[in-house]
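A short worksheet on the structure shown next.
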Amino acid sequence: MPTLEQDLAHLNFEYLMLARECARSNPMEAAWRFGVDRKQIEVIAEFSVEKIRELSGIARAVITLIPINTPQNVSLAAHAALLTTAKSTNLSC
């Protein structure tokens with residue numbers, strides 16, 4: 001049975017692989033989807049599989065979870081999109 005550390009490492013690996021592929025194919029989309037700035041996208045795009053494996057094993061989650069509590073009469077999807085948009089305005093492109 002996998003331990004919590006193994007589960008986190010697996011999730012981190014998959015997440016970082018997705019981020020790297022998105023950063024390589026569409027940097028602007030990667031910045032929006034993963035909530036990171038242009039310089040971070042450039043770094044992520046250059047990650048090797050070995051580097052991703054190393055980073056994924058840090059036993060901490062690299063995934064950022066969105067808040068579950070939303071304002072009244074606003075869907076979770078709309079709230080998440082607004083949070084991401086507000087965060088993205090701080091990008092230095």
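Note that this is a predicted model, so its numbers are computed, not measured.
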What verdict does the side-chain contact (heavy atoms from CB on, under 4.5 Å) test give for F47 and L55, after you've listed the backbone C-alpha separation in whole Å, the side-chain angles of each residue and the deciding distance to 0.1 Å? CA-CA 10 Å; F47 281 170; L55 290 171; 3.5 Å; yes
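- Put simply, the side chain of E54 does not reach to within 4.5 Å of the side chain of E50, judged on heavy atoms.
- In the hydrophobic clustering of ILVMFWY residues, with side-chain heavy atoms under 4.5 Å counting as a link, L18 and L8 come out apart.
- Between I41 and R38, the closest side-chain pair of non-hydrogen atoms is not below 4.5 Å.
- Using a distance-only test at 3.5 Å, with no hydrogens or angles considered, a donor-acceptor pair links the side chain of Q6 to the main chain of T3.
- Checked by atom type and distance alone, the side chain of N12 pairs as donor or acceptor with a backbone atom of R60 at under 3.5 Å.
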In sequence, state the C-alpha distance, the side-chain angles, and the governing distance for V49 and F13, and then conclude on side-chain contact (heavy atoms from CB on, under 4.5 Å). CA-CA 9 Å; V49 173; F13 182 80; 4.3 Å; yes
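- Side-chain atoms of E42 do not come within 3.5 Å of backbone N or O of K39 as any donor-acceptor pair.
- From M17, atom CE reaches atom CD1 of I52 across 5.0 Å, with rounding to the nearest 0.5 Å.
- Inter-residue side-chain proximity for V62 and L16 is flagged as met; some heavy-atom pair is nearer than 4.5 Å.
- Side-chain atoms of R20 do not come within 3.5 Å of backbone N or O of I44 as any donor-acceptor pair.
- The distance from the CD atom of E29 to the SG atom of C22 is 4.0 Å, given to the nearest 0.5 Å.
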